[in-house]
There are 2 protein chains.
Amino acid sequence: MEQRLADTIAQDLEELIFDGTYSDGDRLDEVKLADQFGVSRTPLREAFQRLALSGLVDLIPRRGAFVRQPGPVELMEMFEVMAELEAVCGRLAALRISDAALKELADANTRCQMAVDAGDPDIYYLENERFHRIIYNQSGNSFLEQEASKLHRRLKPFRRQQLRFRGRMSQSMSEHEDIVQALSDSDPEKTADALRSHVAVQGEKFHNLMSSLKSHAQVVSSSR
Amino acid sequence: MEQRLADTIAQDLEELIFDGTYSDGDRLDEVKLADQFGVSRTPLREAFQRLALSGLVDLIPRRGAFVRQPGPVELMEMFEVMAELEAVCGRLAALRISDAALKELADANTRCQMAVDAGDPDIYYLENERFHRIIYNQSGNSFLEQEASKLHRRLKPFRRQQLRFRGRMSQSMSEHEDIVQALSDSDPEKTADALRSHVAVQGEKFHNLMSSLKSHAQVVSSSR
DNA sequence: AAGTGCATTTTTGTATACAAAAAACTTGAC
DNA sequence: GTCAAGTTTTTTGTATACAAAAATGCACTT
């Protein structure tokens with residue numbers, strides 16, 4: 001029973017922030033949360049440190065912990081970086097990818113296609129994630145893989161939104177095909193460009209969605 | 001008087017790890033360090049959380065905190081990512097940079113030149129850092145700026161090593177000139193390429209240094 | 001002598017206690 | 001009624017206390 005509470009609490013808090021239970025600017029009350037989780041303040045404060053460094057929380061000395069959801073501008077910036085990181089992964093992977101991994105990509109894609117046919121965004125999302133992770137991995141640079149995964153995870157709730165656009169799933173599919181083609185051609189620049197625009201489009205779609213809504217908290221909360 | 005000890009401790013510990021007081025695999029003894037810093041274990045443990053997330057420390061449940069210096073392979077990976085991040089900064093900055101910033105770059109460069117003439121690596125290092133930070137900033141993407149700065153900071157102790165190579169300072173200088181030229185030409189790709197190779201060279205130099213110190217460790221493309 | 005099982009010691013993780021700072025509230029002057 | 005100074009209440013930051021897990025040591029068996 002006795003295992004790291006601080007760890008699980010950090011994850012739980014992350015969830016609570018992602019799913020919109022806490023929105024931008026909210027203060028995280030130590031005693032209230034400690035009560036809620038049934039623990040003392042100590043593990044909570046350790047969890048806060050983690051959240052602070054991953055950017056989900058602002059830790060203001062002698063003030064407390066405040067959740068910090070990225071605004072529209074920062075989100076666009078993050079998508080831009082994600083696009084570039086994926087492009088780099090692709091450029092490196094084009095020269096380093098194994099035949100086995102290429103086959104895995106193709107498999108993930110056929111499962112994506114099945115999800116498109118079935119009109120199931122959840123399965124599509126799952127397979128899409130696998131697709132991208134394979135490319136991160138095949139960059140042959142595990143530090144890059146980690147960084148890309150980290151940002152990918154952070155953008156997860158927002159990335160997901162754009163699948164709601166009519167036709168986006170099938171468009172995304174054909175982009176995937178292009179990427180696989182470029183990879184099997186071992187063409188670094190073509191792969192990089194394909195991935196960059198594939199991700200950049202997601203950012204743009206999201207931006208469209210944002211500007212059509214008032215509060216992005218709604219967007220986040222509906223992604224659960 | 002009473003201000004965040006956890007913060008200062010995290011920084012101090014970082015220093016201690018960077019300057020080699022603690023090396024790879026060493027366990028950080030909570031009570032010993034608490035004694036040493038004259039504080040209790042609580043702020044120390046909070047500091048550990050931070051170090052863990054920035055990758056300097058492995059936090060193994062029920063075991064303790066172990067310092068984790070990147071090995072040669074991981075260092076090369078980090079330099080590769082740094083090179084790509086700087087390239088992205090440059091590509092964006094080429095289109096977005098202000099005249100004022102261009103002038104600042106030129107100024108930093110002349111101060112670099114003065115440092116080269118004086119044979120002062122410390123001043124060179126300082127101005128070089130300023131030079132790069134300006135480019136991060138002029139990418140116009142503050143998230144990217146942050147990420148680049150973070151990695152730059154983490155590579156600091158290793159980056160510095162390569163200035164020891166004979167002639168590296170002046171070579172670095174002329175690369176800086178090329179970068180400024182590409183930026184003032186507003187040429188994204190040329191800027192990106194110039195920055196990428198500028199940083200990649202640092203990684204290679206460092207690699208040379210490593211393999212001349214230790215028994216030649218071959219860097220393989222696919223790890224694990 | 002090596003290995004195993006148990007008791008002891010260390011060390012980690014969490015709870016609680018306490019001190020200092022910030023926020024909230026009260027009271028009084030204008 | 002508003003503002004300000006002082007007082008109370010909350011809340012953060014740190015220290016200490018305690019419980020559980022891991023590490024260590026030691027006797028005992030083979």
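Model, not experiment: these values are computed from the prediction. Hydrogens, waters and symmetry mates are skipped; everything else that's a heavy atom, side chains included, is used. We name chains A, B, ... by the order of the sequence lines, and we start the count at 1 in each one.
The interatomic distance linking B:Leu33 (CG) with C:dT11 (P) rounds to 12 Å, in whole Å. The interatomic distance linking A:Asp29 (CG) with C:dA23 (C1') rounds to 13 Å, in whole Å. Atom CD of B:Glu46 and atom P of C:dG13 are 14 Å apart (whole Å). The interatomic distance linking A:Phe66 (CZ) with C:dA22 (P) rounds to 13 Å, in whole Å. If you measure from atom CG of A:Asp7 to atom C1' of C:dG13, you get 11 Å, rounded to the nearest angstrom. At whole-Å resolution of the value, CG in B:Asp35 and P in C:dT11 are 12 Å apart. Across the protein-nucleic acid pair, A:Arg45 atom CZ and C:dG13 atom C1' stand 16 Å apart, rounded to whole Å. If you measure from atom CZ of B:Phe37 to atom P of D:dT14, you get 13 Å, rounded to the nearest angstrom.
Considering only heavy atoms from C-beta on, A:Asp29 comes within 4.5 Å of A:Arg27 through its side chain.
Taken over five-pair windows at either terminus, the axes of the helix from C:dA1-D:dT30 to C:dC30-D:dG1 are inclined to one another by 10° (rounded to 10 degrees).
Side-chain contact annotation: A:Ser139 with A:Asn141, donor-acceptor N/O pair under 3.5 Å absent. Remark: the B:Glu77 side chain and the A:Ser142 side chain contain an N/O donor-acceptor pair separated by less than 3.5 Å.
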Protein-nucleotides 15-19 of chain C N/O pairs closer than 3.5 Å?
| from | atom 1 | to | atom 2 | distance (Å) |
| --- | --- | --- | --- | --- |
| C:dA15 | OP2 | A:Ser40 | N | 2.5 |
| C:dA15 | OP2 | A:Ser40 | OG | 2.8 |
| C:dA15 | N7 | A:Thr42 | OG1 | 2.8 |
| C:dT16 | O4 | A:Thr42 | OG1 | 3.4 |

Please list every donor-acceptor pair under 3.5 Å in which a side-chain atom of residues 87-95 of chain B meets a protein atom from a residue at least two apart or in another chain.
| from | atom 1 | to | atom 2 | distance (Å) |
| --- | --- | --- | --- | --- |
| B:Arg91 | NH2 | A:Glu84 | OE1 | 2.4 |
| B:Arg91 | NH2 | A:Glu84 | OE2 | 3.2 |

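A close approach under 4.0 Å does occur between a side-chain nitrogen or oxygen of B:Arg27 and OP1 or OP2 of C:dT12.
For residues 129-152 of chain A, the set of pairs meeting the ring pair (Phe, Tyr, Trp, His ring centres under 6.0 Å) definition, not counting sequence neighbours, comprises A:Phe131-A:His176, A:His132-A:His176, A:His132-A:His198, A:Tyr136-A:His152.
Of the possible donor and acceptor atoms, one in the side chain of B:Gln138 sits under 3.5 Å from a partner among the backbone N and O of B:Ser98. Side chain of A:Thr110 to main chain of A:Asp107: a donor-acceptor pair is present (N/O by atom type, distance under 3.5 Å, no hydrogens or angles). A distance-only check finds a donor-acceptor pair linking the side chain of B:Asp24 to the backbone of B:Gln69 [under 3.5 Å]. For A:Asp120 (side chain) and A:Ala115 (main-chain N/O), no donor-acceptor pair under 3.5 Å exists by modelled atom type. Side chain of A:Ser149 to main chain of A:Glu145: a donor-acceptor pair is present (N/O by atom type, distance under 3.5 Å, no hydrogens or angles).
When the salt bridge (Lys or Arg N to Asp or Glu O under 4.0 Å) test is applied to A:Glu104, no partner is found at least two apart in sequence or on another chain.
For DNA chain D, no neighbouring residue in residues 47-59 of chain B is found when judged by any heavy atom under 4.0 Å.
Residue contacts shown for A:Arg63 are limited to sugar-phosphate atoms, with no base heavy atom under 4.0 Å away.
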